[in-house]
Amino acid sequence: MTAVPLLATDTLNLEMTAGDAAALRIDVRGRSVNALTRQLLDDLDKSLDLLQNRADLKLLVIQSGKPAGFIVGADVHELAAIDSSDKARQLSGRGQQVMHKLANLPVPTVAIIHGACLGGGLELALACDHRLAVDTAATQLGLPEVELGLIPAWGGTQRLPRTIGLEKALRIILIGRRLDARSAARQGLVDDLISEAPDLATAQPFLEAAMQQGKCPRLTLPLQTWRQKVLESSRFGRGLLFKAFERILRGRVPDDMPAPWEALETVRTGMRDGFDAGLAREQEAVARLAQGHACRNLIGIFLGREEARKSTPSAEPPVTRIGVVGAGTMGAGIIELAALKGCEVAVQEVNEEALGAGIMRVAALFQKALEQRILSQEDFRRNLARIRPTIRWEGFDKVELVVEAASEDLEVKRQLFRELESRTRPQTVLATNTSSLLVADLQEGLTHPERVVGLHFFNPVHRMPLVEVAHTPRTNTRSVEVAAQWAAGLGKTPLVVKDSPGFVVNRILIPYLNEAVLLLLEGVDAATIDRVMVRFGMQLGPLEVLDQVGIDVAAHIARGLGPVFGDRLPAHGAFQLMSDRGWLGAKSHKGFYVHKGKRRKVNREAISTLRKSCARPAPLAGLPAAALATQARERMVLLMCKEAFMCLQEGIADSAEVIDLAMVLGSGWAPHRGGPITYARQRGFQAVTESLKTFARQLGQRFEPIAFGPNP
Ligand code: NAD
C-alpha cells in the first residue's frame, strides 16, 4: 500500500502509511533547523484534528524532516516579538492546548528523535506516549528555557517529572542540563535507542512494540529506583528535594534572575495541587517573566549572536587551508578547532622542540574531544593528519589565511609579519591573535598592509564563543570578511571592531580587574570581591579571572594598555610583586588563590604580603558587610559601564549592541543584564552618573562621569 497524503503545509507533512500508522514529518520550510513557530503549532493542531476520529488509525509517528535534528525549541524571534504579559500567557495556553490534544489522541504516539530536541521540541516529545532516539553524539535533549529567562510553558514542567522522576527533572528544568541519547535512555526519557538515521523501516520493531504497549499516560511520578521510592513517594521526601534544589539555586543563580525560581515553584505547584494547577502556573510564570529585564536581555543576546554569525557574508569560497604561527596555548587551540572543522593546517614554530611540544598540546586537546565523544577514533586520526608541522614555513605558500599566535612581543611579531609577506601568496589574509598590541603596528613596513587583520580568540579557544575581528584604516574589506567568515565557520561569533589597544573586551576588563585588586589592597576579602561579582552574574569573580588568565599575562596586557588609561588605571605594584614571587595563578598553583585540582582556597600568604607592600587607603573600612559588598560591586561595575561608553564614543565598535555582546561572549559578563551599556541604560543614566560622581569625590578621577547619551 502506498502512503496516502492527509495534509501538506509549509511546516509539516502528514500521511497514512502501510500498517495503519500516520507519519507526521516536521520540516519548517526555508530553515535549516525546525523551530516550533505559531504556524507549526497551528498545523500540528490541524493534523491532530484530522487524526482524531480515524477508525483505521493505530499509531502516530512524529519525526523531523531535517537532517540537522528534531526541533530546537520555540521560535526565538516570535518570543522577542511578545510585547505584553497577555500575549505571553496566550502563547503558553495555545502550546499547552496542542500538547494536550497530542497526549490525548486515542492511539499510541511515538516521537523519533535525532539531533537537537530542545525546549518546545522536548515538550512535544514528552506529550507522546513513546520516544526513540538515534544514538549519535549530535542527539541532545533538554529544556533550556531558563537560559532565555523563561520556563518550559507547554506542559514541560509537569510532564517531565512524571516521565523521569522529580529529582532528575529538576536538574533538567532548573539548571538547563542537556542529555545525550544514552543518558536520556538511562534516565528513562527515551524508551529505546536506534543506531541508524531515522526512517520508519529501521524503527519498525520499536514501533510495533509501541503499538503493543498502547497509550502510556504519565499521571504520577514513576518511582522506579530506590532513591525515587524513598524521596519522591511522600510529600515529606519531595519537600526535602525542593529544599535541596533551593539551596542549589541560591548558590548558582545570580541576583535579578527570576526564571529558575519560577520554574521551581511551577514544578512544586504541579506536585502539590495537580497537573492542571501546574499548567495554570506555567502560564502565569511566563506572563511575569516575558516582560522582565532578564528575559528581554537574554533573548536580545541570543538574537544578537545569531545576527552577528549571519552578517559576515563573503563572496569568497570558505577558507580550507590555513597556517598557524606559534603552537602555544592559543595556537594549539586554534589548530585543533580548525582541523576539527576540516581545514588543512600548516604549523610554524621556532624550533623542533617547541614544535613537538605544540603538537603534543594539540593531540591532548583531540584526546579530550575523543573522551567526550565529540570525535571518533577515526576522526581523531583524520584530524591529526590534517596538521603539517614545520620549522621552515613549508606549506605556507598554499594557505589562504594565517593566524599568528606567537609570543606577545612587538618585535617578534613585526619580524614574523615581514616573513609572512614573503612566504605567502599576495591574497593570503594575515591575522594576528594579539591581545594588547595594535594591528596597525604590525602593518608597518609591509608592502601589502591591507591584508593584515586582528583575529582575537579567547582562552580556552574551544570553549569561548567570541572572536574579535579588528581592522585598521589600511585593512581592506575583503580581509575582514574572509577572517570573519572563517571564524563563523569555526562556530564562533565574530564581532568586527576597530583596531585599538585591547580592542573591546580587554579594554573594558582591565579597569575592572584593576579595581578588584585595589579593593583587595584596601582590605576587602578576596572571597567577598569575587562573590559579589558572581552574584551580579559574572561567570567568574575578577580575582578568579586573574588567576585563570595568569597574573603575568594580565600584567603584560595592563602594561600594554597603560597609555590608553592614563590616570584611570592607578598603579599599585601588586602584579609585579606576584610575578616576582611566582604567584602567577592557576598555572603555578598559586595566585590570589591556592589551587589544588578543582579546589581552591584564598592564598593568605600572598594577600597579607600584598597588603603590607602595596597598602592603599581603606575608604570602605568600618562599613557593615552588606554596605561594603554593595560599594565594592558598584565600583567594579560602574567602571566597566564607563569604559564601555568610552569605547562606543571612540567608535571602537559600531553599536552598543556589539560592545554588550562582546562583553557577554568574551568575558562572561552577566548575560541576563544584557552587557554594560544595556545595564547602565536600564538602571538609568542619571542614577549611574550620580553614583560615579559620588565615587569620583571619594576616590578620584577614574570615576569622573562621562556624558552618557540617552541614545548612544
Ligand atoms: P604561548 O607562550 O603559550 O605560546 C607562544 C608560542 O609561540 C610558543 O610556542 C613559542 O614557541 C611560539 N613562538 C614564539 N616566537 C615564535 C616565532 N618567531 N615563530 C614561531 N613561533 C614562535 O602564548 P599564548 O598564550 O598562546 O599567546 C599567543 C598569542 O595569543 C599572544 O599574542 C597573546 O597575547 C595572544 N592571546 C593569549 C591569550 C591567553 O589567554 N593566553 C588569549 C588571547 C590572546
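Note: hydrogens, waters and symmetry copies are ignored here, and every other heavy atom, side chains too, is used. Predicted model, so just to flag it, every value in this text is computed and none were measured. Remember, it's 1-based here, ligands and their atoms both numbered in the order they're listed.
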Please confirm whether Ala405 comes under 4.0 Å of ligand 1, counting heavy atoms of the residue only. yes
Which of the atoms in ligand 1, numbered in the order shown and given with their element, are less than 4.0 Å from a heavy-atom of Asn433? 30 (O), 35 (C), 36 (N), 44 (C)
Can you pull out the closest protein heavy atom to atom 36 (N) of ligand 1? Residue, atom name and distance to 0.1 Å, please. Ser435 OG, 3.3 Å
Name the closest protein heavy atom to atom 26 (O) of ligand 1, giving the residue it belongs to and the distance to 0.1 Å. Met330 N, 2.8 Å
So does Val439 get a backbone contact from the side chain of Asp499, meaning a donor-acceptor N/O pair under 3.5 Å? yes
Going by an N to O cut-off under 4.0 Å, is there a salt bridge joining Arg681 and Asp660? no
Among all protein heavy atoms, pick out the one at the shortest distance from atom 9 (O) of ligand 1; state its residue, atom name and that distance to 0.1 Å. Glu349 OE2, 2.5 Å
Would you say that more than 12 heavy atoms from the other residues, nucleotides or ligands in this model lie under 6.0 Å from the CD of Glu353, or not? no
Any donor-acceptor pair under 3.5 Å from Asp547 side chain to Phe592 backbone: yes
Residue Val325 vicinity, atoms of ligand 1 by number, heavy atom under 4.0 Å: 19 (N), 20 (C)
Under-4.0 Å heavy-atom contact between protein and atom 4 (O) of ligand 1: yes
Could you check whether atom 21 (N) of ligand 1 has a protein contact, counting only heavy atoms that fall below 4.0 angstrom? yes
Give me the residue, atom name and distance of the protein heavy atom closest to atom 2 (O) of ligand 1. Ser407 OG, 4.7 Å
Which ligand 1 atoms, with their elements, are less than 4.0 angstrom from a heavy-atom of Gly326? 7 (O), 12 (C), 21 (N)
Under 4.0 Å from ligand 1, counting heavy atoms only, is it the side chain of His456, its backbone, both or neither? side chain
Do any N or O atoms from the side chain of Asp525 and from the backbone of Ala527 form a donor-acceptor pair under 3.5 angstrom? no
Which residue supplies the protein heavy atom nearest to atom 17 (C) of ligand 1, what is that atom called, and how far is it? Val350 CG1, 3.5 Å
Shortest protein contact, atom 23 (O) of ligand 1 (heavy atom only): Thr329 N, 4.6 Å
Between Glu468 and Phe503, is there a donor-acceptor pair closer than 3.5 Å when you use the side chain of the first and the backbone of the second? no
Counting only heavy atoms from other residues, nucleotides and ligands, does the tally under 6.0 Å from CZ of Arg425 exceed 12? yes
Answer side chain, backbone, both or neither: which part of Leu416 comes under 4.0 Å from ligand 1, heavy atoms only. side chain
Ligand 1 atoms nearer than 4.0 angstrom to some heavy atom of Lys413 are 31 (C), 32 (O)
Geometric cation-pi criterion, Arg635 with Phe703: 6.0 Å, 45°: no
Applying side chain to side chain contact (heavy atoms under 4.5 Å, CB included), run through Trp583 and Phe575 and close with a yes or a no. CA-CA 9 Å; Trp583 293 324; Phe575 290 143; over 6 Å; no
For atom 43 (C) of ligand 1, grab the closest protein heavy atom and report residue, atom and distance to one decimal in Å. Phe457 O, 3.2 Å
Tell me whether Asp379 contacts the main-chain N or O of Leu375 through its side chain, where contact means a donor paired with an acceptor under 3.5 Å. no
For atom 7 (O) of ligand 1, closest protein heavy-atom neighbour: Ala406 CA, 3.4 Å
With no hydrogens and no angle check, is any side-chain donor or acceptor of Lys492 less than 3.5 Å from a backbone partner on Ala484? no
Under 4.0 Å from a heavy atom of Thr434: which atoms of ligand 1 are those, numbered in the order shown and with their elements? 32 (O)
